[in-house]
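Report on the following structure.
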2 protein chains.
Amino acid sequence: MKPILMLILDGVPDRPIRGTTPLKSAFTPNLDELAKRGVSGIMDPIAPGIRPGSDTAHLSLLGYDPRRFYPGRGPFEAAGVGIYVGENDVALRCNFATLKNGIVLDRRAGRIRDAVELEKAINEAVDLDVDFIFKSSTGHRAVLVLKGGDTKLSPKISDTDVKVGEGSKVSKALERSEVAERTAMIVNDFVRRSEEILRDHSLNEERMRSGKLPANTILLRGAGSVPKLKTMREKYGIKPAIIAGIRLIQGVGRICGMDLIPTEGATGRMDTNVRNKLGNAVSLLRDYDFVLVNIKGADEAGHDGDFEAKRDFIERIDESLSVLTGLDDAILAITADHSTPCSVKGHSADPVPVTLVGEPVRTDEVNEYDEFSAPKGGLNRIRGLDLMPSLLDLAGKAEKFGA
Amino acid sequence: MKPILMLILDGVPDRPIRGTTPLKSAFTPNLDELAKRGVSGIMDPIAPGIRPGSDTAHLSLLGYDPRRFYPGRGPFEAAGVGIYVGENDVALRCNFATLKNGIVLDRRAGRIRDAVELEKAINEAVDLDVDFIFKSSTGHRAVLVLKGGDTKLSPKISDTDVKVGEGSKVSKALERSEVAERTAMIVNDFVRRSEEILRDHSLNEERMRSGKLPANTILLRGAGSVPKLKTMREKYGIKPAIIAGIRLIQGVGRICGMDLIPTEGATGRMDTNVRNKLGNAVSLLRDYDFVLVNIKGADEAGHDGDFEAKRDFIERIDESLSVLTGLDDAILAITADHSTPCSVKGHSADPVPVTLVGEPVRTDEVNEYDEFSAPKGGLNRIRGLDLMPSLLDLAGKAEKFGA
């Protein structure tokens, strides 16, 4: 089979502001050249009108239906930080946050940069009814995995996460079952005991002295059990790798059985080293059948509503795409997991452009890569779940169904 | 209702070689005129990225979801040679083949032309634990139907078919059940006893004397039980007919309850009489509500990887399409069951062009019938299962769903 490179320009597509978008207004000769050589279309990452998360969209683009398999964000975050989640366990995504008089003042504890000391203190001093792993991730983020041991825990519990200015919440069972009630109780226990540790922690005292917000509580959400997925190797008979700067996407890759390739300078932010990631991907195609590269920066700019920063980052991506020239024997897909319009400052359900490049594709007349040209292309409109089978067929790896 | 003619240009669509395809480079004034008068689009015979067989694709185009109904190739082949397959029976597709020292030397026994004598000898001399019907089809092909009688047989058994140069195989049960194990044993018994008959058969001695490969074994595959399908008459309330040169497609038609119309010179090969088939179809529209015509030749050229032969055959089809002029009161669909790219020498999952012609269609600006023009048409991208309902609606035969 031909090797496949799937390039996910995370959150790049947008909605028009005064008739244009960051992608359309950016100078992108390399993307446009790829559009010219390939076949384009638009793609609903999940389905029309469904606003995807990054995790559900990536699952879909890898050919796993998130409407059947999605277990909540927790397990992906846990997989991303390398925690094995057993089938009796429940994983939750956590934020260090700031509480004042029972009201959430900041959901990110003043965007605390390094919470490893707090993580340690909690792991040492907190004692629960079950074993647990608490691990800080990037910035204010952390993951909690409650280990069920021989007894199953339940992910059917409510988030404790609230908006700024709202009072703190406790987790409740979302179904009438002893096991869900027990799990919610353990989660609330974890929060109460962690707050005791955090309240008097020297790092927080230091932060307050220097005018920073203390990380004095933990908000939890996205409780989930790990889904039993066929690996991509089992599902497609291919050897897959993933290059992604952020834990959540790494976790999706890990749960789908992809090799996680660390890349120097891959930060998942706008300062990420795009050229390194792409160069690395190209060399991986010698050993792997399938490589997914996620480039996250534009999504961040979209969340910030920063049109210019988003456009500039897209131009940086484009410059780095020159490393793809000469990739003549591969099948290349350039697309996005979702739109992150600056006007929305979040994900939207708008379809994303998709361009496939490679010797067997039926080229069309589209010669720009953007939200307005893509719908005129030869692919018309497909869904995220269609992408992986289409790529495998172009790569010569699809099984025939029938005679 | 208006009568419907569905014209299946089997395997005609292709992938570009130096920017063009057999269809695009062929001189096809009639196809282009139809595209100009009609509305075009692309169609995934089953779903994007799913590589269709001819049987699964035809089922889909007739409105039967092969992902729910497909029973393997055997029953369609059996139906194609006119064998009734009961619900306790198992049908298998067979090849006469050449074995030497236990190794398969040729999967088609030197492309043996007529195996009726061998069929007879096997039917006379082989005795199994169940009744059976063994019938030779075209060339090296044959069909075996094992009659369960009052006891059900199981299609969950493995093929005995192997590649050239591999050792012969026995069939094994594919599930832990007594009935599957019994069925596999009967199949192996059939092979062993047939080999005894074939070994000393005068026809094979004669073949060897004249330097031809003997048909000294039988390879079996595609075990299936007959699916219980509503006939097209039950499903749609229409009277349907099919014109097809090859048994497999005739079998699909028969299982869907279509009248099988024999046509002189319809061979299923490149020497087929296209004009006869089309002329016959046009006259049938006086008596039938729906006529499917399958024209197979281009598929054969695609399997051979012969670009020029494929292009030339497409031009022959086009010439014959003149018999469709004057078909003003019918709904006409011109499409394919799958692509058979010369570069693949097999089926691919690429979408196929589809053009609908008739007084009620919303015409578009497409005025060529090929892989590159079709995506620009008014139909955009549909699926095989959408075709039949769309045609019935244009013909004035769709039921209203709702008030």
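Just so it is clear, the values below take in all heavy atoms, side chains as well, and ignore hydrogens, waters and symmetry mates. Keep in mind that what you see is a predicted model, and the values were worked out from it rather than measured. By convention in this document, chain letters (A, B, ...) are assigned in the order of the sequence lines, proteins followed by strands, and residues within each chain are numbered from 1.
- Using a 4.5 Å cut-off between heavy atoms, B:Arg67 touches chain A through backbone and side chain atoms alike.
- Listed options A:Leu379, A:Leu387, A:Leu391, A:Asp364 were ranked by heavy-atom pairs under 4.5 angstrom with chain B; first place goes to A:Leu379.
- Between the side chains of A:Thr340 and A:Asp299, a donor-acceptor pair is found at a separation under 3.5 Å.
- With a 4.5 Å cut-off on non-hydrogen atoms, B:Pro341 does not touch chain A at all.
- Within the 4.5 angstrom heavy-atom criterion, atoms from both the backbone and the side chain of B:Asp350 approach chain A.
- Ranked by non-hydrogen atom pairs under 4.5 Å with chain A, the options B:Gly222, B:Ser343, B:Pro66 are led by B:Pro66.
- In this structure, the portion of B:Ile46 lying under 4.5 Å from any heavy atom of chain A is its side chain and not its backbone.
- Contact annotation for B:Pro13: both backbone and side-chain heavy atoms come within less than 4.5 Å of a heavy atom of chain A.
- Contact tally against chain A (heavy-atom pairs below 4.5 Å) for B:Glu77, B:Arg93, B:Arg221, B:Arg73: the top residue is B:Arg73.
- Below 30°, between 30° and 60°, or above 60°: for A:Phe69 and A:Tyr64 the angle between ring planes is above 60°, a perpendicular geometry.
- Under the side-chain contact (heavy atoms from CB on, under 4.5 Å) test applied with A:Leu5, the options A:Val357, A:Ile334, A:Val293 reduce to a single match, A:Val293.
- Chosen from B:Thr21, B:Thr56, B:Asp14, the residue pairing most often with chain A at heavy-atom distances under 4.5 Å is B:Thr56.
- Applying side-chain contact (heavy atoms from CB on, under 4.5 Å) to A:Tyr236 and the options A:Leu392, A:Ile4, A:Leu62 leaves one that passes, A:Leu392.
- A 6.0 Å sphere centred on NZ of A:Lys239 holds more than 12 heavy atoms belonging to other residues, nucleotides or ligands.
- Residue contact with chain A, scored on non-hydrogen atoms closer than 4.5 Å, involves the side chain of B:Ser339 exclusively.
- Looking at B:Ala349, both its backbone and its side chain come within 4.5 Å of chain A, counting heavy atoms on both sides.
- Heavy atoms closer than 4.5 Å to chain B are found in the side chain of A:Ile382, but not in its backbone.
- Using cut-offs of 30° and 60° for the angle between ring planes, the A:Phe76 and A:Tyr70 rings count as parallel.
- Interface summary for chain B: among A:Glu399, A:Glu359, A:Arg362, the most heavy-atom pairs under 4.5 angstrom belong to A:Arg362.
- Salt bridge A:Asp44/A:Arg381: present, at least one basic N to carboxylate O contact under 4.0 Å.
- Chain A forms more heavy-atom pairs under 4.5 Å with one residue of B:Gly346, B:Ala374, B:Pro351 than with any other, namely B:Pro351.
- Taking 4.0 Å as the cut-off between side-chain N and carboxylate O, A:Asp386 and B:Arg383 count as a salt-bridged pair.
- With 3.5 Å as the limit, one finds a donor-acceptor pair spanning the side chains of B:Ser373 and B:Asp370.
- For CD of B:Glu365, the number of neighbouring non-hydrogen atoms (other residues, nucleotides, ligands) closer than 6.0 Å is 12 at most.
- Heavy-atom distances place no part of A:Val39 under 4.5 Å from chain B, backbone and side chain included.
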